[in-house]
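The structure appears below as structure tokens.
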There are 2 protein chains.
Amino acid sequence: MALAFLASRPGAFCSVREIVDDLKLPKRLLAEVLKDMSRATLVDATRGPGGGYRLAMDAKTLPLSRVVEVLEGPVSIADCGDGCSLQPSCLIQTGLTQVTASIRKVLDNMTVAELLEQTDTPAAKAILSV
Amino acid sequence: MALAFLASRPGAFCSVREIVDDLKLPKRLLAEVLKDMSRATLVDATRGPGGGYRLAMDAKTLPLSRVVEVLEGPVSIADCGDGCSLQPSCLIQTGLTQVTASIRKVLDNMTVAELLEQTDTPAAKAILSV
DNA sequence: ATAAAATAGCACCAAAATAGTGCCATACAA
DNA sequence: TTGTATGGCACTATTTTGGTGCTATTTTAT
């Protein structure tokens with residue numbers, strides 16, 4: 001939600017307060033998340049009055065897969081690595097890998113910009129039009 | 001894993017003990033899961049000596065989406081219903097719905113039979129060849 | 001008949017993941 | 001130099017999920 005918000009104000013630095021006021025998110029939590037995204041260079045940050053966050057790239061070049069990776073680690077539906085005790089007898093590891101690849105492709109092929117474009121409710125559009 | 005196992009023995013009733021011995025799964029847990037699948041008519045069950053479970057349909061006609069629905073409820077990446085307090089200000093609900101639909105399509109288009117076909121490790125193949 | 005093999009049901013516990021907070025340090029601009 | 005804002009990190013709390021205890025009921029081979 002926050003990235004879509006930033007995408008709607010390209011180039012402008014938006015503070016956590018602004019974002020939270022519009023999107024009704026827990027302030028501290030959003031701050032943590034944006035810190036993570038900043039570390040991952042998904043967003044730029046500036047401090048002090050007038051500071052805040054902005055997308056570090058064009059939203060059209062930011063696939064959801066990248067966002068998911070930053071927030072939750074590698075895209076996968078199961079941890080099928082060597083650490084899994086079931087691996088020796090697992091009949092579906094290879095198949096699940098393929099499913100994961102397909103899902104990853106879905107996330108690769110949708111960007112934050114596209115996510116934002118779909119916004120269609122009046123209340124949401126009102127937020128964007130400010 | 002269990003459904004792939006059953007798919008490898010079409011028509012035959014397999015007991016929880018047999019499955020667990022081959023797949024090295026916690027017995028009680030698999031029993032719970034198979035009960036759920038039985039209630040959802042994904043598998044047939046028979047009791048008594050020689051009893052067990054078998055797929056209720058051809059594995060080729062059993063998409064993973066159906067399995068996921070039985071085990072985890074409706075396929076979705078977020079609970080965007082009316083119950084969500086963020087809905088009024090959510091910029092991405094519609095977009096996420098589209099992503100969910102795409103992922104659902106992935107799961108619709110892969111069957112338990114296909115999952116099983118991908119099995120390629122020697123140890124796993126040994127289980128199938130018995 | 002009856003004992004053994006197996007599922008049915010349901011409550012419960014434990015571990016892991018996730019949502020959310022406390023607290024302080026650091027930077028920046030008016 | 002003061003107020004605004006991010007940076008970092010540990011911590012708590014809640015939810016979800018993996019897993020268990022126990023008992024009842026059904027089935028079939030002997």
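Every value quoted in this text rests on a predicted model; they were computed, and no experiment measured them.
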Measuring from the side chain of [X] (C-beta onward, heavy atoms only), which nucleotide among [options] has the closest atom?
X	options	result
B:Arg39	C:dA29, C:dG9, C:dT7	C:dG9
B:Tyr53	D:dG8, D:dA5, C:dT7	C:dT7
B:Lys35	C:dG9, D:dT6, D:dT26	C:dG9
B:Pro49	C:dA6, D:dT6, D:dT28	D:dT28

Practice task
Could you give me the CA-CA distance, side-chain angles and deciding distance for A:Leu23 and B:Leu86, then say whether side chain to side chain contact (heavy atoms under 4.5 Å, CB included) is met?
Solution key: CA-CA 7 Å; A:Leu23 301 186; B:Leu86 302 174; over 6 Å; no

Exercise for the section: Assess whether salt bridge (charged side-chain N to carboxylate O under 4.0 Å, His left out) is satisfied between A:Arg66 and A:Glu69, documenting all intermediate values. Expected result: CA-CA 5 Å; A:Arg66 182 94 192 281; A:Glu69 275 161 15; 5.5 Å; no

Spacing of [X] atom [atom1] relative to [N] atom [atom2], expressed in whole Å:
X	N	atom1	atom2	result
B:Asp79	C:dA19	CG	P	11 Å
A:Asp36	C:dG20	CG	P	15 Å
B:Glu32	D:dT16	CD	P	19 Å
A:Leu71	C:dA17	CG	C1'	15 Å
A:Arg17	D:dT6	CZ	P	10 Å
B:Glu18	C:dT7	CD	C1'	14 Å
B:Met37	C:dA8	CE	P	13 Å
B:Leu86	C:dA19	CG	P	12 Å

Exercise for the section: Find the distance between CD1 (A:Ile77) and CG (B:Leu64) and round it off to the nearest 0.5 Å. Expected result: 8.0 Å

Practice task
Determine: side-chain N/O of B:Arg47 to OP1/OP2 of C:dA4, distance under 4.0 Å, yes or no.
Solution key: no

Exercise for the section: Report yes if a side-chain nitrogen or oxygen of B:Thr46 is closer than 4.0 Å to either non-bridging phosphate oxygen (OP1 or OP2) of C:dT7; otherwise report no. Expected result: no

Problem - Of A:Leu29 and B:Ala45, the one whose closest DNA chain C nucleotide lies more 5' - result: B:Ala45

Exercise for the section: Might you work through the salt bridge (charged side-chain N to carboxylate O under 4.0 Å, His left out) test for B:Lys105 and B:Asp108, ending with a clear yes or no? Expected result: CA-CA 5 Å; B:Lys105 209 168 287 179; B:Asp108 279 337; over 6 Å; no

Handout entry: Within 6.0 angstrom of A:Asp79 CG, more than 12 heavy atoms from elsewhere
Key = no

